[in-house]
Amino acid sequence: MEDDVDHLTGRRTRTALAALCGASAVVAAAPAWWRPWLPQEEAEAELDRAGIVACSGLIVKGTVDAAGPAGAGMVRVRLEGARRLEPGGGSGGGSGEGSGGAASFLVPEGDAGAYAPGGRALVAALRSGEGAPLLFTGAEIEPAWDWMEAEARDPAAPSCPTA
């Protein structure tokens with residue numbers, strides 16, 4: 001009889017653990033698809049990789065040289081030794097890449113701390129100027145550059161859906 005009770009207790013414990021793990025997985029995954037803090041239109045309008053590249057007015061990587069006030073709650077960040085990537089815009093528009101020189105762009109004051117002088121960065125700023133530019137640092141830079149470069153060179157890449 002005692003073995004039956006132990007067996008049932010063990011089964012209940014395993015079932016409870018499995019249910020807890022399943023519930024935890026749902027809660028952990030929820031932010032990936034449910035974002036109540038975003039208006040419905042914004043949540044639906046998020047860009048995939050091809051869209052990010054197609055809608056970027058500036059894709060550049062380099063070393064942060066300076067960051068200074070630009071007014072209206074914005075900070076101008078300057079990258080030195082910049083390597084640029086220009087999307088082809090889809091429909092066989094071609095792409096271009098350039099090196100050297102400097103590039104600058106605006107970020108909200110609250111994001112300026114992420115651009116420490118001397119740090120390496122890859123930035124993709126949307127043509128629309130909406131929102132903060134996408135920032136990649138450290139080990140994120142090369143993998144992100146690789147997919148951005150592949151999207152920019154893809155002759156079948158879509159045009160910016162919001163253009």
Side-chain angles (χ1 to χ4, degrees), residues 24-163:
S24 297
V26 168
V27 169
W33 55 268
W34 182 61
R35 297 193 245 180
W37 57 87
L38 285 179
Q40 185 64 29
E41 302 81 39
E42 269 187 61
E44 291 173 357
E46 286 190 19
L47 300 171
D48 60 4
R49 288 180 171 190
I52 289 168
V53 172
C55 294
S56 289
L58 175 71
I59 299 174
V60 62
K61 71 176 176 175
T63 303
V64 178
D65 181 49
M74 301 299 280
V75 171
R76 180 168 305 282
V77 177
R78 177 183 154 106
L79 295 184
E80 195 60 49
R83 187 169 168 200
R84 299 170 187 263
L85 185 61
E86 296 177 22
S91 303
S95 67
E97 187 177 323
S99 296
S104 63
F105 52 92
L106 297 175
V107 299
E109 281 180 352
D111 294 341
Y115 298 89
R120 300 269 309 143
L122 166 60
V123 176
L126 296 178
R127 275 186 279 192
S128 67
E130 293 179 16
L134 293 175
L135 171 65
F136 300 88
T137 59
E140 304 172 321
I141 294 173
E142 290 309 316
W145 181 264
D146 290 345
W147 66 254
M148 288 180 183
E149 188 174 44
E151 290 292 343
R153 293 178 184 221
D154 181 0
S159 296
C160 182
T162 59

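Numbers here are sequence positions counted from 1.
- The structure places CZ of Arg78 at 5.0 Å from CG of Asp65, a figure rounded to the nearest 0.5 Å.
- Going from atom OG1 of Thr63 over to atom CG of Leu79 covers 7.5 Å, rounded to the nearest 0.5 Å.
- In this structure, the separation between CZ on Phe105 and CE on Met74 is 10.5 Å, given to the nearest 0.5 Å.
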* Run the numbers on Val123 and Tyr115 for side-chain contact (heavy atoms from CB on, under 4.5 Å), then give the verdict. => CA-CA 10 Å; Val123 176; Tyr115 298 89; 4.0 Å; yes

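- The shortest non-hydrogen separation linking Ala54 to Pro158 is CB-O, 3.3 Å.
- Taking the salt bridge (Lys or Arg N to Asp or Glu O under 4.0 Å) definition, one finds that Glu140 meets it with nothing, sequence neighbours left out.
- Between atom CD of residue Glu151 and atom CG of residue Asp48 there is a gap of 7.5 Å, rounded to the nearest 0.5 Å.
- Annotation: side chain of Ser56 is not in contact with side chain of Arg127 (no heavy-atom distance under 4.5 Å).
- Remark: Asp111 pairs with no residue by the salt bridge (Lys or Arg N to Asp or Glu O under 4.0 Å) rule, at least two apart or across chains.
- Nearest approach of Ser104 to Leu58, heavy atoms of both residues: O-CD2, 4.1 Å.
- Atom CG of residue Asp146 and atom CD1 of residue Ile141 lie 11.5 Å apart, to the nearest 0.5 angstrom.
- Note: Met148 CE to Ile52 CD1 = 6.5 Å, rounded to the nearest 0.5 Å.
- Arg84 and Ala102 get closest at one heavy-atom pair: NH2-O, 2.8 Å.
- Looking at every heavy atom in both residues, Val60 comes nearest to Ala103 through CG2-CB, 3.7 Å.
- Residues satisfying the salt bridge (Lys or Arg N to Asp or Glu O under 4.0 Å) criterion with Glu142, sequence neighbours excluded, are Lys61.
- Tested against Pro133 for a side-chain contact (heavy atoms from CB on, under 4.5 Å), the candidates Leu106, Leu122, Val107 yield a single pass: Val107.
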